[in-house]
Protein chains: 4
Amino acid sequence: MKKLNLKRDAIMNSAIELFSRDGFHKTKVIDISNHAKVGKGTIYQYFRNKEQLYMESIKYVFELYQTYIKKAIDDEKTPLDKLKKYLYVSDELTSKYGSVVFALMKDMRSNGMSMFDTLTEYENKDIELVLKIFEDGLKENIFKDICPRVATNTFIGAIRFHMGNKYIKPKGHIEDNDLEYLFNMLLYGMIKE
Amino acid sequence: MKKLNLKRDAIMNSAIELFSRDGFHKTKVIDISNHAKVGKGTIYQYFRNKEQLYMESIKYVFELYQTYIKKAIDDEKTPLDKLKKYLYVSDELTSKYGSVVFALMKDMRSNGMSMFDTLTEYENKDIELVLKIFEDGLKENIFKDICPRVATNTFIGAIRFHMGNKYIKPKGHIEDNDLEYLFNMLLYGMIKE
Amino acid sequence: MKKLNLKRDAIMNSAIELFSRDGFHKTKVIDISNHAKVGKGTIYQYFRNKEQLYMESIKYVFELYQTYIKKAIDDEKTPLDKLKKYLYVSDELTSKYGSVVFALMKDMRSNGMSMFDTLTEYENKDIELVLKIFEDGLKENIFKDICPRVATNTFIGAIRFHMGNKYIKPKGHIEDNDLEYLFNMLLYGMIKE
Amino acid sequence: MKKLNLKRDAIMNSAIELFSRDGFHKTKVIDISNHAKVGKGTIYQYFRNKEQLYMESIKYVFELYQTYIKKAIDDEKTPLDKLKKYLYVSDELTSKYGSVVFALMKDMRSNGMSMFDTLTEYENKDIELVLKIFEDGLKENIFKDICPRVATNTFIGAIRFHMGNKYIKPKGHIEDNDLEYLFNMLLYGMIKE
DNA sequence: CATGAATGAGAATTCATTCAT
DNA sequence: AATGAATGAATTCTCATTCAT
């Protein structure tokens, strides 16, 4: 059982909120300490430096996200149901957490190589999750002759772009039934045959 | 005929290269001046400040990109050919410019609101371009009952994610024939019916 | 009771000394921080920027000067005694503070409008102080038919020029008994009748 | 006969106008070159550097001022007439040239020691001019037992302070007949006997 | 002579991090 | 453990001056 640490949690929560809203550079250490209602020095009791706080924030959010999404997918039986679940859960988490994950993902890429590796690591986990579904589906012979990696990229790329636009442009965001449209289109294609 | 300005061009080219490689914050003004082999002060003869240089760099690359892609699409007759062209040209430009466009796109989102508007403006132009194709295709009755905006998001999102990954992970990037896979999958779907 | 703040005071004292000796532009922020034996950044903990430090320095010195001079004048009964006191106190403060006030006054006028207003404000207070004495004296019918504002300008102008010269040219400065000469001359005139 | 040089004169005139309006530091070399409608480099054909241009501007104005005032005084016979003339000519030049002389005088003191000496030199000439009048008057036995140097300081200080206020605060400036008041007050005193 | 593009020394300011209390 | 005052390395930007045309 993880030891309870209120101060540390307060700092992390503030860091997540501010980093995902303003990015790494615009967020100052003092902003986080003010928001968390702790002293500036206290942050350095729990985190080596600003960069580590950033990494830990990302780690925390990603792990939450991936634990949640993995569990949801595991509850489903067929690859199709799993894919549909992935889509709906992505949307659900985006609504709930205001795209924190996607915002952090975008921001990370701007901030140097050490962070980069962690991003890649987490992103790869996400990719592998979906890739596995496609590979299973291929084995079960429910898919056409598709490349599972290309399919994965397509699937994730489409969802992320939707969610990103939803986050950035609330006016033109996708409607609830858009998810059905999206899912059907990806699976059954766009064109009349 | 635009008067040619060697120094200004050298600065812009260096800025584009460094900003897209390292992002706005990691790139120092002095780095750009060294790379362009000009004095630090010279940059301020042509650009009001670092932020403006950044904006101008983005503007330049985006306009090049959009001019090129628009022309390529106009050369095609059918919506299907246009979509295919969009895909191939995106890939071509990504190879050529080392994903500068996508790198800048990603970086912009991390750097404050004034830049954000410009991003949205350029991104919207890109979206409208594809949206138009889908709308025309719907009129010509070649598509299923799809929502053109959802289709557009899917199409662009899938492509960008591919290109982004190609840029980030050069080792695992998509092969040439992946583009065919991608295109067919998007149009004809993934699932056997 | 004002909380004492040693660092802030050290900075202000150094600023007053250097600004009045070298003026706003020749005095660098690093000079002040070195002189005050604090870090460069510490100055920015207490003052928004160099200009604010300058303003606060001026404010501090002027208020000290005006509080002192006002108190001294209030202790005197007749307009004549008040004028004499004003003269002697001006001289006393000049000796004590090395003409900081006059030096700052002179320097302020060279440094833009926002400062200018503050100068005018403080200078007006000084002028009003003397003007009041002349007006009271006129009511008491001890003065000839003089214009109180012209008299005030004359009185202050003469004193300032003396003090200024004393500060600039220490060799040729006015002797102690010069003050008596000055006072008598102003009151009784120069010319034989 | 001084060789005519239009460019140099244009630069000097602009320099005088801008330096006296904005001071040494706020006036940029490019401002002067723009105002004079010459190239920036041209200034360096005629003046070693910005400081020398400043010095030459001051020199030019002061010499004009002193030549004029000296000539005016020489035309008068008695010390009293000379003093009155000095007062009226000071006022006349202030109206005409907008206090350029006084503005430059004030600004000089803020700008380092090399300039300082020149100021002192010119100021001393002005002081000597008036001092001579008082000394002559004393010889002619028209003055009370006054110290000529104190009288000089008083006389000049009073006038400068008037002119300075006139320049800075146009609303409250001295009226024409104030000059008479001023003159009579200085000569005959303020107090009833 | 005249010019203005090019330059870099120099200055103000920011902010992550340290450390004495 | 918690704090925030103190710090200075690092960065952007300015502007007097030079010099090739």
Side-chain angles (χ1 to χ4, degrees), chain A residues 5-8 10-11 24-34 36-54, chain B residues 5-8 10-11 25-34 36-53, chain C residues 5-8 10-11 24-34 36-53, chain D residues 5-8 11 24-34 36-54:
Chain A
N5 193 322
L6 261 35
K7 282 257 155 75
R8 192 181 195 281
I11 293 166
F24 181 74
H25 279 101
K26 291 221 313 176
T27 304
K28 312 302 173 198
V29 172
I30 187 107
D31 297 336
I32 296 169
S33 75
N34 286 340
K37 296 189 197 309
V38 300
K40 189 145 48 89
T42 309
I43 289 178
Y44 290 86
Q45 299 276 343
Y46 296 102
F47 303 94
R48 202 164 44 257
N49 53 30
K50 187 186 175 187
E51 191 162 316
Q52 200 220 345
L53 172 56
Y54 187 67
Chain B
N5 191 321
L6 264 29
K7 281 267 152 70
R8 192 180 195 281
I11 293 166
H25 280 102
K26 290 224 316 173
T27 304
K28 310 305 170 196
V29 172
I30 188 97
D31 297 337
I32 296 169
S33 76
N34 286 339
K37 295 190 198 312
V38 300
K40 184 156 47 80
T42 309
I43 289 179
Y44 291 88
Q45 292 256 338
Y46 295 103
F47 304 94
R48 203 164 40 259
N49 52 30
K50 189 186 172 188
E51 190 162 318
Q52 202 218 345
L53 171 56
Chain C
N5 191 322
L6 263 30
K7 282 266 151 70
R8 192 180 195 280
I11 293 166
F24 182 74
H25 279 102
K26 288 225 316 175
T27 304
K28 311 304 171 196
V29 172
I30 188 100
D31 297 337
I32 296 169
S33 75
N34 286 340
K37 296 193 195 312
V38 300
K40 189 153 44 80
T42 308
I43 289 179
Y44 291 88
Q45 293 255 341
Y46 296 102
F47 304 94
R48 205 164 39 259
N49 52 32
K50 188 185 172 188
E51 189 162 318
Q52 201 218 345
L53 171 57
Chain D
N5 193 322
L6 263 33
K7 281 257 155 75
R8 193 180 194 281
I11 293 166
F24 181 74
H25 279 102
K26 291 222 313 177
T27 304
K28 313 302 173 197
V29 173
I30 187 108
D31 297 336
I32 296 169
S33 76
N34 286 340
K37 296 190 197 311
V38 300
K40 189 147 47 91
T42 309
I43 289 179
Y44 290 85
Q45 299 277 342
Y46 296 102
F47 304 92
R48 202 164 47 258
N49 53 30
K50 188 186 174 188
E51 191 161 317
Q52 200 219 344
L53 171 55
Y54 187 66

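Each chain gets a letter, A, B and so on, in the order the sequences are listed, and its residues count up from 1.
- Side chains of Thr27(A) and Tyr54(A) form no contact here, defined as non-hydrogen atoms less than 4.5 Å apart.
- Here the straight-line distance linking atom NZ of Lys50(C) with atom NZ of Lys28(C) works out to 5.5 Å at 0.5 Å rounding.
- The distance from atom CG of Leu53(A) to atom P of dT17(E) is 10 Å, rounded to the nearest whole Å.
- The CD1 atom of Ile11(C) sits 11.0 Å away from the CG atom of Leu6(C) when rounded to the nearest 0.5 Å.
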Worksheet item: When Watson-Crick pairs (N1 to N3 and N6-O4 or O6-N4) and G-U wobble pairs (N1-O2 and O6-N3) count only below 3.5 Å on both distances, what is the dot-bracket string of DNA chain E, with | for other-strand pairs?
Response: .||||||||||||||||||||
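- Of the residues near DNA chain E, Lys7(B) and Ile30(A), the one whose nearest nucleotide (by heavy atom distance) lies more toward the 5' end is Lys7(B).
- In this structure, CD1 in Ile43(D) is found 11.5 Å from NZ in Lys7(D), a value given to the nearest 0.5 Å.
- Within the nucleic acid shown, Tyr46(A) comes within 4.0 Å of sugar-phosphate atoms alone, with no base atom in reach, counting heavy atoms only.
- His25(A) has its NE2 atom 11 Å from the P atom of dC15(E), to the nearest Å.
- Listed here is the closest heavy atom pair of Ala10(C) and Ala36(C): O-CB, 3.7 Å.
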Show each protein N/O and nucleotides 18-21 of chain F N/O combination with a separation under 3.5 Å, one pair to a line.
none

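- Here dT17(F) presents its P atom at 11 Å from CD1 of Ile32(D), a figure rounded to the nearest Å.
- As a whole-Å value, the separation of Asn49(B) CG from dT13(E) C1' is 16 Å.
- In this structure, the CD1 atom of Ile11(C) is 12 Å from the C1' atom of dT7(F), given to the nearest Å.
- When all heavy atoms of Val29(C) and Tyr44(C) are compared, the closest pair comes out as CG2-OH, 3.7 Å.
- Of the inter-residue distances, the one linking Thr42(A) atom OG1 with Ile32(A) atom CD1 reads 13.0 Å to the nearest 0.5 angstrom.
- Partners of Gln52(B) by side chain to side chain donor-acceptor pair (under 3.5 Å), not counting sequence neighbours, listed by chain and number: Glu56(B).
- Summarising the geometry, atom CD1 belonging to Ile30(A) is positioned 4.5 Å from atom NZ belonging to Lys40(A); distances are rounded to the nearest 0.5 Å.
- Comparing dA16(E), dT3(E), dA12(E) by their nearest atom to the side chain of Lys28(A) picks out dA16(E).
- Atom CD1 in Ile43(B) sits roughly 15 Å away from atom P in dT11(F) (whole-Å rounding).
- We find that CG of Asn34(B) is positioned 12 Å from C1' of dG8(E), with the value rounded to whole Å.
- A straight line from NZ of Lys26(D) to C1' of dT14(F) spans 16 Å, rounded to a whole angstrom.
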